[in-house]
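Taking it in order: structure first as structure tokens, then the write-up.
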Amino acid sequence: MRNSWADSVENTATDNVGPSGGSGASASTRRSSYVPPHLRNKPMGAEPPAPSPGGPPSGNDRSGFNGPTSGSRWVGSRPDYGRQGYSGGGRSGGGWGGRGGGWGREREVNPFGNDADVDLEQSFDQENSGINFDAYEDIPVETSGENVPPPVNTFAEIDLGEAVNLNIRRCKYVKPTPVQRYAIPISLAGRDLMACAQTGSGKTAAFCFPIISGIMRGDFSQRPRGVRTVFPLALILSPTRELSMQIHEEAKKFSYQTGVRVVVAYGGAPINQQLRELERGVDILVATPGRLVDLLERAKVSLQMIRYLALDEADRMLDMGFEPQIRRIVEQMDMPRPGERQTMLFSATFPKEIQRLASDFLANYIFLAVGRVGSSTDLILQRVEFVHDGDKRSHLMDLLHAQMANGVHGKQALTLVFVETKKGADALEHWLCINGFPATAIHGDRTQQEREQALRTFKRGDTPILVATDVAARGLDIPHVSHVINFDLPNDIDDYVHRIGRTGRAGKSGLATAFFNEGNLSMAKPLADLMQEANQEVPEWLTRYASRSYGGGRNRRSGGGRFGGRDFRRDSSYSRSGGGGVSYYEGGNSSGGYGNYSGGYGPGVTSAWD
DNA sequence: AAAAAAT
């Protein structure tokens, strides 16, 4: 038995029958024609009894958001919920107002594919027995804020509902990751949250599960049923289109057969198709800011019914480039105010000044830091090499050649090369290609089609080298990236952290190589500090540069010190009476102040874990 | 200064 948190369920059930209830649908029934309301949400042919809409009778609005949830309300009483083949669990038109119209009849595409159903007889308890919980002891966890709900150890002790539990199993998650263990109970208790957790540690699921579960148990019968305006209940914002797509994909898995509908909206793609998706109903909207503003201005979307707001890569969303847009969406549209909605901010890095900005969006929030913030896992081996600008290309070629010659990496080993500029990305891609290296590039000046194509061929291994700007630095979960090369170092240590976090995922080890020269002096100290904290070998020459303490350096480390996750409310400069209790649930600092993610998630487990 | 994000 592996001892990882989200280890894969052994390939028990292969090629089982598809999810019960949906097996009758063929491709030809996918696209539905108009269905009169009284026939919606009913499978073709027979009419199964429709369960009454569950959930507390007065669960609308704020109730349920300010206290702990009261245990399993419907899990036991509706054991079949998750097995219904039709979204909405058979709710008929009226009782679930605003839940889209007409989409219920359509067979929900199985996001897990045909062979993905797991042995549904297995229980979490069986699966988890024997797992070594010592792996958690080394992970420093800090929480602050009032009345922090205690963490859980297993998915079984979280009341997410049977349908979500099945999806967790289908995802082959066996055990919650540390950030999930803490964040999910906090979130289920209705609390606002600012969470820092290492790259690849399961943040997407940490905010998706409680949102989905909350929507399932809530009563939103008063949701307006606009003809041209839709009223999502949850909004998830992310800084890049590809990340939004990825979150959408994940969220669809988590909400499969729950009746909760997830729609994505982002720029660079035709808006009409997105509008059609929205019109079919939306509970959770995943979006990039620009396109969302567009939709809001056209009154295609209203944020009036938003109960959950999640910002992924939240520090990014609030940095200079994005902050005005985000404020506009969150503060100047029809979004409920803090306290009337539940807000969750997630990132691997959280500079203090950004925390300060972010606190405008939060009400009595809990700060959570899991693992040394921004730390790469131990699984990433970091190297720095001194390379003059003029030597970078030939040096890169040496690295790529050596990598191939090594044979250590299989054919599918992928290399991600980060450069500073879009022009530089194109130039390097071209240069690699004419030198016989199968490379492609992704950056913001390429068309959305080109961007998606580049990512696709990279993932597939058709072009195992991807040259990228920072558009690909955050959140993207690309399996088999074994090497991240910082051809140009970023100017911000946090960006470095996110970049190298593209490797060392899913339990695999990874290598990160950076080219350093006189142009990167401001990075010497933060880089040396970071590497030292991550138990990496710091070259002596870098230490020398670091000791010279070049100004600036954007050394606004997301923490500094032993582990960066520091609640800015605890700063002396920010003195507020009773700034919230601080508690340490776990052993704190036993391994030098960074999380040891040894073990990882096992093969075959892919997910959006940033 | 650069990158991202609406048309």
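Per chain, numbering begins at 1; letters A, B, ... match sequence-line order. Computed from heavy atoms alone, side chains included, the values below leave out hydrogens, waters and symmetry copies.
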OP1 or OP2 of dA2(B) sitting under 4.0 Å from any side-chain N/O of T469(A)?
no
Would you say K423(A) reaches dA2(B)'s phosphate, i.e. side-chain N/O to OP1/OP2 under 4.0 Å?
no
Could you check whether K392(A) makes a cation-pi contact with F487(A), meaning its NZ or CZ is under 6.0 Å from the centre of the six-membered ring and within 45° of the ring axis?
yes
Is the phosphate of dA6(B) approached by T288(A) (side-chain N or O, under 4.0 Å from OP1 or OP2)?
yes
Report the residue from Q448(A), Q449(A), R456(A) that forms a side chain to side chain donor-acceptor pair (under 3.5 Å) with E452(A).
Q448(A)
Check DNA chain B against residues 440-447 of chain A and give the residues with a non-hydrogen atom under 4.0 Å, in numerical order.
H443(A), G444(A)
Filter on side chain to side chain donor-acceptor pair (under 3.5 Å), then keep only pairs touching residues 427-442 of chain A, sequence neighbours left out; what's left?
none
Which part of the nucleic acid does R316(A) contact within heavy-atom distance under 4.0 Å: base, sugar-phosphate only, or nothing?
base
Using atom types as modelled and distance alone, determine if a side-chain donor or acceptor of T543(A) lies under 3.5 Å from a backbone N or O of P539(A).
yes
To the nearest 0.5 Å, how far apart are CZ in R291(A) and CG in L296(A)?
12.0 Å
Please work out which residues in residues 317-327 of chain A have a non-hydrogen atom less than 4.0 Å from an atom of DNA chain B and list them by number.
G321(A), F322(A), Q325(A)
May I ask you to say what V471(A) touches in the nucleic acid, namely base, sugar-phosphate or nothing, with a heavy-atom cut-off under 4.0 Å?
sugar-phosphate
Ring center gap for H401(A) and F437(A) short of 6.0 angstrom:
yes
Is there a salt bridge (charged side-chain N to carboxylate O under 4.0 Å, His left out) between E279(A) and R276(A) once you walk through the steps?
CA-CA 5 Å; E279(A) 281 163 9; R276(A) 276 198 300 276; over 6 Å; no
Would R566(A) pass as a cation-pi partner of F350(A), given that its NZ or CZ must be under 6.0 Å from the six-membered ring centre and within 45 degrees of the axis?
no
Which is it for R499(A) and D470(A) under the salt bridge (charged side-chain N to carboxylate O under 4.0 Å, His left out) test, yes or no, and what are the steps along the way?
CA-CA 8 Å; R499(A) 285 180 178 187; D470(A) 271 329; 2.8 Å; yes
At under 4.0 Å between heavy atoms, what does R298(A) touch on the DNA or RNA strands: base, sugar-phosphate, or nothing?
nothing
By the 4.0 Å heavy-atom rule, please label D470(A) as base, sugar-phosphate, or nothing.
nothing
Would you say dA6(B) has OP1 or OP2 under 4.0 Å from some side-chain N or O of R241(A)?
yes
